[in-house]
Peer 1: 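First the structure, which I've put down as structure tokens, then a few questions once you've had a look.
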Amino acid sequence: MNRTPPAGPATGLRFGYGTNGLTDLRLDDALGLLADLGYDGVGLTLDHMHLDPLAPGLAARTARVARRLGSLGLTATVETGARYVLDPRRKHGPSLLDPDPRARTARVRLLLTAVRTAADLGAHAVHCFSGPTPPGTGPDTAWARLAAALAPVVEAADAAGVPLAIEPEPGHLLATLADFHHFRALVGSPGVLGLTLDIGHCRCLEPAPVADCVREAAPWLRHVQIEDMRRGVHEHLPFGDGEIDFPPVLDALASTGYRGLTVVELPRHSHAGPELARSSLSFLRARQPKGSLTA
């Protein structure tokens, strides 16, 4: 599949919806729903209910999903934030910062699988995150551990031609845009390493206005997640339930020339996923800049 986003207006925004907010639907049904609603693509979280990365026959299952995406005219990013895909007792565990080298290796293997899957899907990027700093671990040790763990993933992403997009996540070692720049410099600023910018996280943690965060992040944007949020509270909210003024944010995003997907991220609202997918797209389209309407 072609990994280049389709041609369109220079200011065009391309919207997707995350499958982690549609976990009550079969993947085939979720993709059909998003295509029918008019989405441009999907943020596909590899999880036990949606393209399980640990189950047998992944290559064949991925090929079927790739054909389905193509038939529906959808593009994809691959996300790796499944809560319990590796450990049924630890949310998002183990992480790249786990004190146990064997546990870190399990996370690295998952990310390497995600890179291969993204390449087979023609996805625009692979998303990842650092994980929280374990108790008793100093910052220098944590950053060095993250750099070492991600090194083979960066190498694999570069070889596959799939950008690796690390996400600043509240409560994690790499939590802010400043942390992203610190880490990128630490590992020598490889071209394949970019940024997942979560719009809600900007409101939650960043000192600058959200639109300014978007403009600052522009050179490194490889994936964008979007939802509403309140200052200081890491809770993904439907649009209108938080504090973000979205027209300036969408205008800033359009002005960067970013052509990847902007994916609605509502992982705690799967019970209302189909209706929220509909209302979210209507909300975003009504507030995007004139001239940036997608086909």
Peer 1: Let me check something: do L33 and V264 share a hydrophobic cluster, defined by ILVMFWY side-chain heavy atoms less than 4.5 Å apart, either directly or through other members?
Peer 2: yes
Peer 1: Atom CG in L197, atom SG in C213: separation rounded to 0.5 Å?
Peer 2: 7.0 Å
Peer 1: When you look at T19 and L34, which way does the side chain to side chain contact (heavy atoms under 4.5 Å, CB included) test go after all the steps?
Peer 2: CA-CA 10 Å; T19 59; L34 298 182; 5.6 Å; no
Peer 1: So V224 and V214, do their side chains get closer than 4.5 Å, heavy atoms only?
Peer 2: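 Result no, sub-4.5 Å side-chain heavy-atom pair not found.
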Peer 1: For side chain to side chain donor-acceptor pair (under 3.5 Å), just list the numbers for D179 and T176, CA-CA rounded to whole Å, side-chain angles, deciding distance to a tenth of an Å, and then say yes or no.
Peer 2: CA-CA 5 Å; D179 293 333; T176 65; 3.2 Å; yes
Peer 1: Decide whether R102 and T105 meet the rule of one side-chain donor and one side-chain acceptor closer than 3.5 Å.
Peer 2: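 Short answer, no.
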Peer 1: Please, which pairs that meet side chain to side chain donor-acceptor pair (under 3.5 Å) have at least one residue in residues 44-66, sequence neighbours excluded?
Peer 2: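 Of all non-adjacent pairs touching residues 44-66, none passes side chain to side chain donor-acceptor pair (under 3.5 Å).
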Peer 1: Which side chain to side chain donor-acceptor pair (under 3.5 Å) pairs, counting each pair once, include a residue from residues 137-157, with sequence neighbours left out?
Peer 2: none
Peer 1: I'd like to check the salt bridge (Lys or Arg N to Asp or Glu O under 4.0 Å) partners of R109; sequence neighbours left out, ordered by chain and number.
Peer 2: none
Peer 1: Does L44 reach the side chain of L31, with side-chain heavy atoms less than 4.5 Å apart?
Peer 2: no
Peer 1: Does the side chain of V263 come within less than 4.5 Å of E79's, by heavy atoms?
Peer 2: yes
Peer 1: Give every donor-acceptor pair under 3.5 Å between a side-chain atom in residues 239-249 and any protein atom, sequence neighbours left out.
Peer 2:
residue	atom	partner	partner atom	Å
E243	OE1	R203	NE	3.0
E243	OE1	R203	NH2	2.8
E243	OE1	R231	N	2.8

Peer 1: So, using salt bridge (Lys or Arg N to Asp or Glu O under 4.0 Å) as the criterion, who are the partners of E235 when residues are at least two apart?
Peer 2: none
Peer 1: Tell me, please, which residues at least two apart from D24 pass salt bridge (Lys or Arg N to Asp or Glu O under 4.0 Å).
Peer 2: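 Testing D24 for salt bridge (Lys or Arg N to Asp or Glu O under 4.0 Å), a comparison that skips the adjacent residues, returns none.
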Peer 1: Got a sec, which pairs hit ring-ring contact (aromatic ring centres under 6.0 Å, His included) with one end in residues 53-89, sequence neighbours left out?
Peer 2: none
Peer 1: Could you note down all residue pairs passing ring-ring contact (aromatic ring centres under 6.0 Å, His included) where residues 191-215 supplies at least one of them, sequence neighbours left out?
Peer 2: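 Non-adjacent pairs meeting ring-ring contact (aromatic ring centres under 6.0 Å, His included): H201-H234, H201-H236.
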Peer 1: Check whether any side-chain heavy atom of L146 lies under 4.5 Å from a side-chain heavy atom of L186, and answer yes or no.
Peer 2: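 Side chain of L146 against side chain of L186, heavy atoms only: no contact under 4.5 Å found.
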Peer 1: With the 4.5 Å side-chain cut-off for hydrophobic clustering, are L237 and L284 part of the same group?
Peer 2: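 Each belongs to a different hydrophobic cluster.
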Peer 1: Can you give me the closest heavy-atom contact between M229 and E227, atom names plus distance?
Peer 2: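 For M229 versus E227, the nearest heavy atoms are CE-OE2, 3.7 Å.
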Peer 1: What residues, two or more places apart in sequence or in another chain, satisfy salt bridge (Lys or Arg N to Asp or Glu O under 4.0 Å) together with R107?
Peer 2: none
Peer 1: List for me each residue that meets ring-ring contact (aromatic ring centres under 6.0 Å, His included) alongside H127, sequence neighbours excluded, and say none if there are none.
Peer 2: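 Here the qualifying residues are F129.
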Peer 1: Do T77 and V126 have side chains that get closer than 4.5 Å, going by heavy atoms?
Peer 2: no
Peer 1: Is the shortest side-chain heavy-atom distance between I199 and V210 below 4.5 Å?
Peer 2: yes
Peer 1: For A149 and V108, which heavy atoms make the closest approach, and how far apart are they?
Peer 2: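 In this case the closest contact between A149 and V108 is O-CG2, 3.3 Å.
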Peer 1: If you look only at pairs with a residue in residues 26-38, which of them pass as a side chain to side chain donor-acceptor pair (under 3.5 Å), with sequence neighbours excluded?
Peer 2: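 Only D28-R68 qualify under side chain to side chain donor-acceptor pair (under 3.5 Å).
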Peer 1: Between R14 and R259, is there a donor-acceptor pair closer than 3.5 Å when you use the side chain of the first and the backbone of the second?
Peer 2: yes
Peer 1: Give, for atom CG of L111 and atom OG1 of T117, the distance between the pair rounded to the nearest 0.5 Å.
Peer 2: 11.0 Å
Peer 1: Could you measure the distance from the OG atom of S95 to the CG atom of D87? Nearest 0.5 Å is fine.
Peer 2: 11.5 Å
Peer 1: Below 4.5 Å, heavy atoms only, C-beta onward: do V187 and L150 meet side chain to side chain?
Peer 2: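 They are not in contact (no side-chain heavy atoms under 4.5 Å apart), so the answer is no.
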Peer 1: Kindly write out the residues that satisfy side chain to side chain donor-acceptor pair (under 3.5 Å) with D198, not counting sequence neighbours, or none if the list is empty.
Peer 2: none
Peer 1: When clusters are formed by joining ILVMFWY residues with side-chain heavy atoms under 4.5 Å apart, either directly or through shared neighbours, do V78 and L261 land in the same one?
Peer 2: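 No, because V78 and L261 fall into different hydrophobic clusters, even though each may have its own neighbours under 4.5 Å.
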Peer 1: Which is it for E216 and H181 under the side chain to side chain contact (heavy atoms under 4.5 Å, CB included) test, yes or no, and what are the steps along the way?
Peer 2: CA-CA 11 Å; E216 177 194 338; H181 292 303; 3.7 Å; yes
Peer 1: For E167 and H223, does a side-chain donor sit closer than 3.5 Å to a side-chain acceptor?
Peer 2: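 Distance-only check fails for E167 and H223.
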Peer 1: Can you find a heavy atom in the side chain of L96 that is under 4.5 Å from one in the side chain of S130?
Peer 2: no
Peer 1: Evaluate side chain to side chain contact (heavy atoms under 4.5 Å, CB included) for C128 paired with V153, printing each intermediate quantity in order.
Peer 2: CA-CA 10 Å; C128 66; V153 185; over 6 Å; no
Peer 1: Got a second to check how far L110's CG is from L54's CG, nearest 0.5 Å?
Peer 2: 6.5 Å
Peer 1: For residues S280 and L266, report the shortest heavy-atom separation together with the two atoms involved.
Peer 2: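 Reported closest heavy-atom pair: OG-CD1, 4.2 Å.
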Peer 1: Could you state the interatomic distance from CE (M49) to OG1 (T23), rounded to the nearest 0.5 Å?
Peer 2: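 One gets 5.5 Å once the value is rounded to the nearest 0.5 Å.
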Peer 1: Is the backbone N or O of D98 less than 3.5 Å from a side-chain atom of R104, with the two atoms forming a donor-acceptor pair by type?
Peer 2: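 Yes, the answer is positive, given that a donor and an acceptor are paired below the 3.5 Å cut-off.
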Peer 1: Count I, L, V, M, F, W, Y as connected when their side-chain heavy atoms are under 4.5 Å apart, and connections chain through other members. Are L72 and L51 then in the same cluster?
Peer 2: yes
Peer 1: Is there a chain of hydrophobic side chains (I, L, V, M, F, W, Y, each step under 4.5 Å between heavy atoms) that links I226 to Y258?
Peer 2: yes
Peer 1: Please find the pair of heavy atoms, one from R184 and one from G191, that lie closest to each other, and give the distance.
Peer 2: NH2-CA, 4.4 Å
Peer 1: For residues A175 and G171, report the shortest heavy-atom separation together with the two atoms involved.
Peer 2: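 Minimum heavy-atom contact is CB-N, 4.5 Å.
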Peer 1: For L22, is there any backbone N or O sitting under 3.5 Å from a side-chain donor or acceptor partner on Y17?
Peer 2: no
Peer 1: What are the two closest heavy atoms between P274 and L25, and how far apart are they?
Peer 2: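 Heavy atoms of P274 and L25 come nearest at CG-CD1, 4.0 Å.
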Peer 1: In Å and rounded to the nearest 0.5 Å, what is the CZ to CG distance from F15 to D40?
Peer 2: 8.0 Å
